[in-house]
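Below is one structure, written out as structure tokens, with a few remarks after it.
Remember, it's 1-based here, ligands and their atoms both numbered in the order they're listed.
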Amino acid sequence: MEPNSGANQRIARISSHLNPPNLKMNEHGGSSLTSFNCRAKGGAPGFKVAILGAAGGIGQPLSMLMKINPLVSVLHLYDVVNTPGVTSDISHMDTGAVVRGFLGQNQLEDALTGMDLVIIPAGVPRKPGMTRDDLFNINAGIVKTLCEAIAKRCPKAIVNVISNPVNSTVPIAAEVFKRAGTYDPKRLLGVTMLDVVRANTFVLSCTLPILPAGPKMQAEVLGLDPRDVDVPVVGGHAGITILPLLSQVKPHSSFTTKEIEYLTDRIQNGGTEVVEAKAGAGSATLSMAYAAVKFADACLRALKGEANVIQCAYVDSQVTELPFFASKVRLGRDGVEEFLPLGPLSDYERASLEKAKKELATSVEKGVSFIRK
Ligand SMILES: NC(=O)C1=CN([C@@H]2O[C@H](COP(=O)(O)OP(=O)(O)OC[C@H]3O[C@@H](n4cnc5c(N)ncnc54)[C@H](O)[C@@H]3O)[C@@H](O)[C@H]2O)C=CC1
Ligand SMILES: O=C([O-])CC(=O)C(=O)O
């Protein structure tokens, strides 16, 4: 008998629990079905969610927060690097979702099989001096590849696109799905939630530097909790295409022209504010993970049948003449159920909308022709 056989048997028992013997091991020490499989006992009933780009700046906190979400029963973490570590780490959290990691292109399709919701934060982020459109050359190809696999393995999944430039990556995803014959416009949503989150925060917490003693905005004077504030943000997700409708803030607040100009500019440039503060180390990740989870949770609640789930999202739209536009939509069991009208706009918002539409049309066309070329 070998001296260590007791310990070896125990290790063999643990290892066969993690990797059932009928599954072939691969080079990562996992099965041939999944690279590594960190299974929490007592997995809860719920939805299957995949995060593509799960090891990144957004992906990691997003994965952690989705592991906490009680609506999630299975969480698949896919990236081209570092998923074994992220998966192992997150799998130790004592919440119900079963976490599985997938590494590299040849495990992409396994990561997607049977998913109800796919969240895509894969791709490169901005550095100071760059626009979101400067990311197009790299991120367009990444989103294309990921969506081709979604079309094959979970064509009915709700897809949340975070990768920038969202104004173009959503049209890219749509074209890929059209080509594959799986396109359902209701199920493809560009995530603009961070613009809403920022707008809700800024209307409360901004003091106006242009005024002498920095008096507080009206809403802050009212002493509101940001969670009770609702600022619709329409258009798209880049610069002037981000259009907060401050005339429709709830609870109703009125702002001076200077306040509107200041707030609109801050909301439109919130991303750049973070990129500059991070000074080369990337763009918003933590607030984005928060916003992505808020949005994903809304999609899952709607999938489950909750009524009256309304969020802003960048979608295949009938609200304007543009093929894609961000506005409030009602979410349901099949994704987007209804477009809410833009509502009455102020003169400032009407003029801003016209400028936004011009830029949006170009970004949409760029995405479409990337696939149709
Ligand atoms: N929609 C929005 O409001 C926001 C969008 N973003 C965008 O999200 C994207 C990700 O940002 P970060 O997480 O900060 O970047 P990051 O560089 O920290 O993470 C990106 C992750 O994507 C992975 N990746 C690269 N190619 C991949 C592929 N082919 N398949 C799967 N994964 C792949 C990388 O390995 C990395 O782990 C960027 O494009 C950024 O501009 C960022 C903030 C807000
Ligand atoms: O600004 C960026 O590059 C990232 C982003 O989309 C945002 O923070 O809104």
Side-chain angles (χ1 to χ4, degrees), residues 50-63 76-87 101-109 111-112 118-150 160-170 172-173 189-199 201-202 233 235-239 241-242 244 266-278 280-296 312-314 326 363:
I51 298 177
L52 312 182
I58 296 168
Q60 291 200 33
L62 172 59
S63 302
H76 281 190
L77 307 183
Y78 171 79
D79 204 302
V80 290
V81 293
N82 297 339
T83 36
V86 174
T87 306
F102 299 82
L103 181 65
Q105 175 85 31
N106 59 11
Q107 296 189 351
L108 173 58
E109 292 192 12
L112 290 166
V118 181
I119 311 174
I120 312 182
V124 290
R126 284 201 283 167
K127 290 193 185 312
M130 292 171 82
T131 66
R132 291 179 181 82
D133 187 58
D134 292 334
L135 305 172
F136 185 96
N137 287 345
I138 299 179
N139 291 353
I142 292 174
V143 170
K144 173 177 179 277
T145 306
L146 298 175
C147 289
E148 283 166 351
I150 291 170
N160 290 178
V161 180
I162 295 172
S163 314
N164 271 318
V166 167
N167 291 353
S168 303
T169 52
V170 172
I172 287 172
L189 301 106
V191 181
T192 57
M193 179 61 106
L194 184 52
D195 302 315
V196 175
V197 162
R198 284 179 178 139
T201 306
F202 296 166
V233 184
H237 180 67
T241 71
I242 300 170
R266 178 132 194 246
I267 294 161
Q268 290 179 336
N269 293 300
T272 306
E273 190 178 312
V274 178
V275 168
E276 280 167 6
K278 290 199 174 179
S283 57
T285 52
L286 303 173
S287 52
M288 183 58 233
Y290 166 78
V293 165
K294 206 173 169 189
F295 189 71
C312 289
Y314 180 67
S363 305

Report task. Name all residues meeting the side-chain contact (heavy atoms from CB on, under 4.5 Å) criterion together with Gln60; count only those two or more places apart in sequence or in a different chain, and write none if there are none. Result -> Val86
**Report entry** N or O contact, Met288 vs ligand 1, cut-off under 3.5 Å
**Finding:** no
Query raised in the report: Can you list the ligand 1 atoms lying under 4.0 Å from a non-hydrogen atom of Asn164?
Result: 4 (C), 5 (C), 6 (N), 7 (C), 39 (O), 40 (C), 41 (O)
Requested in this report: Would you name the heavy atoms of Phe102 and Ala111 that are closest together and state the gap between them?
Outcome: CG-CB, 3.5 Å
Report summary line: A student checking ligand 1 against Gly57 at a 4.0 Å heavy-atom cut-off should list atoms 13 (O), 16 (P), 18 (O), 19 (O)
Query raised in the report: Looking only at distance, does Ala122 have an N or O less than 3.5 Å from an N or O of ligand 1?
Result: no
Query raised in the report: Which part of Leu135 is near ligand 1, with near meaning a heavy atom under 4.0 Å away: side chain, backbone, both or neither?
Result: side chain
**Report entry** Sub-3.5 Å N/O-N/O distance, Gly56 and ligand 1
**Finding:** yes
Query raised in the report: For atom 2 (C) of ligand 1, which candidate among His237, Arg198, Lys278 provides the closest heavy atom?
Result: His237
Report summary line: Only residue of Asp133, Asn164, Thr272, Val274 satisfying side chain to side chain contact (heavy atoms under 4.5 Å, CB included) with Arg126 is Thr272
Query raised in the report: Quick one: do the Asn167 and His237 side chains pair a donor with an acceptor below 3.5 Å?
Result: no
Query raised in the report: Numbering the atoms of ligand 1 from 1, which are under 4.0 Å from a heavy atom of Val166?
Result: 1 (N)
Query raised in the report: Counting heavy atoms only, which part of Pro121 comes closer than 4.0 Å to ligand 1: side chain, backbone, both or neither?
Result: backbone
Query - Ala284: numbered ligand 1 atoms lying under 4.0 Å from its heavy atoms - result: 42 (C), 43 (C)
Report task. Kindly tell me which protein residues have any non-hydrogen atom under 4.0 angstrom away from an atom of ligand 2, grouped by chain and ordered by number? Result -> Arg126, Arg132, Asn164, Leu194, Arg198, His237, Gly271, Ser283, Ala284
Requested in this report: Would you mind listing which atoms of ligand 1 come within a distance below 4.0 Å of any non-hydrogen atom of Asn139?
Outcome: 39 (O)
Report task. Have a look at ligand 1 and work out which part of Ile162, if any, has a heavy atom under 4.0 Å from it: side chain, backbone, both or neither. Result -> both
Query raised in the report: Are side-chain heavy atoms of Val191 and Val161 found at a separation under 4.5 Å?
Result: no
Report task. Start with the C-alpha gap between Ile119 and Leu52, add the side-chain angles, then the distance that decides, and say whether side-chain contact (heavy atoms from CB on, under 4.5 Å) holds. Result -> CA-CA 6 Å; Ile119 311 174; Leu52 312 182; over 6 Å; no
Report task. Looking only at protein heavy atoms, identify the closest one to atom 22 (O) of ligand 1 and say how far it is in Å. Result -> Gly123 N, 3.2 Å
Report task. Could you pull out all residues at least two apart from Lys144 that satisfy salt bridge (charged side-chain N to carboxylate O under 4.0 Å, His left out)? Result -> Glu148
Query - Any residue meeting salt bridge (charged side-chain N to carboxylate O under 4.0 Å, His left out) with Glu273, in chain and number order, not counting sequence neighbours - result: Arg266
